[in-house]
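Only one structure is covered here, and it is reproduced in the block below.
Below, read A as the first sequence line, B as the second, and so on, with proteins coming before strands; counting in each chain starts at 1.
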Amino acid sequence: MSKFQRFLLKRLAISVLLTLVAVSVIFVVLRLLPGSPFEALVTSGNLNQEQIDEIRAMYGLDQSIWKQYINYLGSLLTFQFGYSILRSQPVWEVLEPRLINSLILLVPALVTTAILSSVLGMYAGWNRGSRLEKASIVSTTLLRSTPVFITAIFFIIVFAYNLEIVPALGMRSIRATPDGYLETFVSLDFLHHYLLPFTVAVLYYSGDFLLLARNGVVEKRGSEFLKLHRAKGLTEMEQLARAGRNSMLPILTYFTLRLGMIFQGLILLEVVFSWPGIGRELVLAIQQQDYPLVQAAVFIMALAVIIANLAADVLYAYFDPTVSTNGGGSA
Amino acid sequence: MTLLNVENLKVTYATDDETVHAVNDVSFSIDEGVNYGLAGESGSGKSTVAEALLGLLPGNGTVERGTIEFNGTDLTSLSEAERRDVLWEDIAYIPQSAMDSLDPVMSTGDQIAQAIHTHRNVTDAKARDRVRELFEIVGLDPDRIDNYPHEFSGGMRQRVTIAMALALEPDLIIADEPTTGLDVIVQDKIIDKILEIQERMDSSLLLITHEIGVIAETCDDLSILYGGKVMEQGSVDNVLVNPTNPYTMGLKNSFPEIDENEDPVAIPGSPPNLNREPTACVFEDRCPFATDECGESHPDLVDLPNRNHRSACHRVKEAAQLRRDADEPETWNIPDDGDADSDRGEVILETDALEKHYEQSQPLLSKLRGEDPDYVKAVDGVSLSVRRSEVLGVAGESGCGKSTLGETMALLEDPTGGDFMFDGEPYEYYRDGNLQEFRRKVQIIFQDPFDSLNPRQTVRKLVGEPLTIHDYRTDEKERAIVETLEKVGLTPAEKFLDQYPHELSGGQRQRVAVAKALVLDPDFLICDEPASMLDVSLKVNLLNLLRGLADAEDIGIVYISHDLASLMQVSDRLAIMYLGRVIEEGDVDRIASQPRHPYTSSLLSAAPEKDPTADRTRVLLEGEPPDPVDLPSGCAFAPRCPKAQGSCWEAEPAIDEIGDETHRAACYFPKGEEGLNASDASAVDETKFPESANTDSVGD
């Protein structure tokens, strides 16, 4: 077994353990919350005790907490998330479309901004003190520190109401009745609705990448190896590429971290644009104490973050030979 | 034919509030196939010259005037793109710090291939073949071209940069301090390699270094720079043998050498402030021979009759007289305290088979199986003793465990085996409850004077801090601080009290670091390479200071360094370490004149000589020190030892294998007794060794 395989195996084991911890925490915390999903039904007085017991039994909530926990773990392992109490629908049927909606908006936005802002940041760092550098820092910091709903509303006012270029709300026009994902997403109407939230998301994430990339390059700029590259006769842009390549690690870390967190959606953005994403759904589910739905959603989020971290570790090994294996090179 | 001709080069750096005149009207020329040396202390502008030649000046540096003519074209007038074509194709560069001048995330082979691809239109396969060839030329394993820089040691990385410089067979190679930061043995190997290759390729070399010994051995011509001015110029034989400039004399005298009985003489003072155009001679304020004329103008370079030698000094005609005077310390206003042999006091620190092993992390599975983890034996059974008023030098290559030994002695690391006694008490006594007392009595001075001082504290605070911590002389704190500062030569002390580290020069900072250690009146001082970052003249100052402290203050000092020459100057006794063990120990004079262990003699022979006429036989050690985790059985040095025989591989020789109390070594076949084992029996009673032929034998 090579050193790298061992390293990978170790990482995997840690990830599995982390997932277990995460789902257990979700399980306990939800049950520590006061009240139950049927509180509303009970207080309205429409149900008698017998009926309540029956419903509780139906959802398995009459069993001991340990039994529930074991069932819960078993279901997660087989990816059976159960029925949503709120919607009386299989959880996955509720979650899946919303998750897809969120991802289709945020993943391209994140990738776009990671590439564009990093390149811009590197260029700005290389030309330290230039007007471009100052302007880019100020504008991205501004975008980053303004709450996303303010930016979003501002964009809606300008582009949707005043200029009337794009629609303000929703993912498809109200009259559209698409069938299946392909029909939903591959259409001009979708693109029309997509542009504005996509732009806002790109801008929202841009600041972090830009600053990370800029700082990395600024730090590397005076280093000895760049001097040697320069002495070799590399052009300015080739040198910048090497400096950028050497400051990839923090960007990579941040990118994977963000990628994992995308699975919770960008709640404020989704609310402002009425985007049927997972963030909105989750807030609603927590409010209503829809155990199965929340558990499943949180499980998916935790899993996403953990997998993203695992990916970061593996990518590290690829991008930085010095960290590939527990440090220390083999001769 | 002249390859490179630099004419009246002037380079300035723009800083926030002033202009630094780093290089002031420097002229020199390099002929084809010639090795040219550029020597000077830090701040002399020698690296700036190199950067100007290569067009690598940082953004705030500008070439104000002057021409750099290379092969008939003026480099300063080239456009960015034209210059890129010249770089590497015609002028290659070996950078200063091998440790971080290679791109860490690019394989070494790719980095060399990149240089080839940038200038030549060749296929990948061809470039790779060339890289393999280059690796072979510089003595690296061609199968390692896909390794990354971190997989190579410092010396090997420097070989990679040399291979890179050779890639396109340039006409001129500029090497900027190529060996600084490497230890003597590696340095010697690298220089040997550069010379060997350069001879074969018939290119010119511009070698920039502060070690005039390196220049003396490798170069034909040289320029000595000071304060951005050429002080003296000419053929190495003339300039270094018969210097005509007081600065060269001072520089030469302060360069410590192993087989020299005279103490080196330091140049007092510090390098000039270059924030305005020099009007007087740049060396005037440190020069003992300065006259009124020197204060009026900087002297022009004067051709000395009938030889390739120029000097910039108003009193160049009196050179012979100055040279005689310059050898005397009194001339430089340094009190000659004589070589009064101080009485060594009682033993203050004694180690007995001291060990510091670091456990290696091991896989969980082997841990569960209860396998013994691997250990890095950084310090492995070291028995030494230090007396009061005695300086014990600890020497060895990097990675031999000498710094760990120092840290263990200071109880910064817990010993994992063995014992040591300090001031009559075992270390456990101090570790368990009396650490505060120990910390007051034992002080350690670290390598880097730039990092070891808190930049936000004034000298008063820095030096006073230990007093507060240990509640020592708190009622007369100010007096204690002033006294100590004066003791380390920072006079008048009041002037320094409110200064911050960044306002001090390197030498002054290291003195503050020493003062910080001395303010508590310690009994024992551990110095871990305190002078390695300092220029020669400052280094000698520090060595003399420590020597004086040992004599006057009755403290014991352990001086750890890889620089044998300075160890020879400061120490009474010397311990040579190799892979965690002391392999030779004894009085300095005896080790210098008659090294017994083959490792010691190779260390001694690796140090360069400042006299260009002296011939030195290189003893190049094969390979690198073995992996300290997986040591061979028997003598640890056997794999590299030229004299190793069967018995060396079987059992490890103990330190008292040969010799007596004052000089012992761990070797079965020590030098000087080799006749006994050699086939020709005629040398049995040989008492005079060829190695010691040119040293004065020391009476004992």
Side-chain angles (χ1 to χ4, degrees), chain A residues 1-3 5-7 9-11 13-14 17 126-130 216 218-252 315-331, chain B residues 50-51 53-56 58-59 80-81 83-107 111-112 114-119 141 144 146-153 156 160-161 164-165 167-168 174 176 360-361 363-365 624 626-627:
Chain A
M1 194 158 58
S2 79
K3 244 181 166 174
Q5 282 169 322
R6 210 160 51 218
F7 161 82
L9 211 69
K10 210 157 120 189
R11 289 281 144 202
I14 293 174
L17 210 72
W126 191 257
N127 297 295
R128 197 177 177 191
S130 66
V218 163
E219 208 177 283
K220 296 281 180 302
R221 217 168 55 123
S223 61
E224 285 292 319
F225 68 82
L226 281 179
K227 196 166 149 191
L228 188 61
H229 278 318
R230 202 167 138 203
K232 265 194 270 185
L234 296 194
T235 62
E236 193 94 346
M237 279 305 122
E238 283 170 317
Q239 294 168 46
L240 170 56
R242 293 313 306 164
R245 175 66 183 77
N246 268 282
S247 41
M248 280 284 288
L249 275 202
I251 300 173
L252 200 69
L315 284 176
Y316 263 29
Y318 176 74
F319 277 101
D320 189 347
T322 52
V323 297
S324 62
T325 46
N326 300 333
S330 53
Chain B
E51 284 169 1
L53 294 182
L54 291 158
L56 293 182
E80 211 30 43
R83 181 191 281 280
R84 270 202 301 274
D85 288 339
V86 175
L87 285 179
W88 226 263
E89 182 73 58
D90 298 319
I91 308 179
Y93 170 63
I94 300 175
Q96 184 158 15
S97 44
M99 285 321 256
D100 33 53
S101 51
L102 289 173
D103 195 330
V105 297
M106 196 173 183
S107 75
Q111 295 188 45
I112 299 175
Q114 186 189 36
I116 301 174
H117 283 306
T118 309
H119 296 277
D141 179 4
R144 293 190 62 183
D146 288 323
N147 281 162
Y148 286 90
H150 71 276
E151 294 166 288
F152 292 99
S153 69
M156 290 159 97
V160 173
T161 59
M164 201 185 292
L168 303 176
I174 298 179
D176 188 1
Q360 290 235 298
S361 68
L364 190 70
L365 219 63
E624 307 234 337
D627 186 358

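How far CD of A/E238 is from OG1 of B/T118: 5.5 Å, rounded to the nearest 0.5 Å. Between atom CG of residue A/L226 and atom CG of residue B/L56 there is a gap of 11.5 Å, rounded to the nearest 0.5 Å.
The two residues A/A231 and B/L87 make their nearest non-hydrogen contact at O-CB, 3.2 Å. Heavy atoms only, all atoms of each residue included: A/F225 and B/L102 are closest at CB-C, 3.5 Å. Minimum heavy-atom separation, A/E224 to B/D100: CB-O, 3.3 Å. The minimum heavy-atom distance between A/L228 and B/S101, with the atom names listed, is CD2-O, 3.3 Å. Between A/G233 and B/R84, the closest heavy-atom pair is O-CD, 3.1 Å.
Interface remark: B/Y93 contributes backbone and side-chain atoms alike to the contact with chain A (heavy atom separation under 4.5 Å). With a 4.5 angstrom heavy-atom cutoff, B/Q111 touches chain A via backbone and side-chain atoms both. Using a 4.5 Å cut-off between heavy atoms, B/M106 touches chain A through backbone and side chain atoms alike.
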- Task: Kindly determine whether B/L54 and A/K227 satisfy side-chain contact (heavy atoms from CB on, under 4.5 Å), including the steps that lead there.
- Result: CA-CA 10 Å; B/L54 291 158; A/K227 196 166 149 191; over 6 Å; no
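Between chain A and the options B/A115, B/S153, B/P149, B/A81, the largest number of non-hydrogen pairs under 4.5 Å is found for B/A115. When each of A/M248, A/K232, A/K220, A/R230 is scored by its heavy-atom pairs under 4.5 Å with chain B, the top score falls to A/K232.
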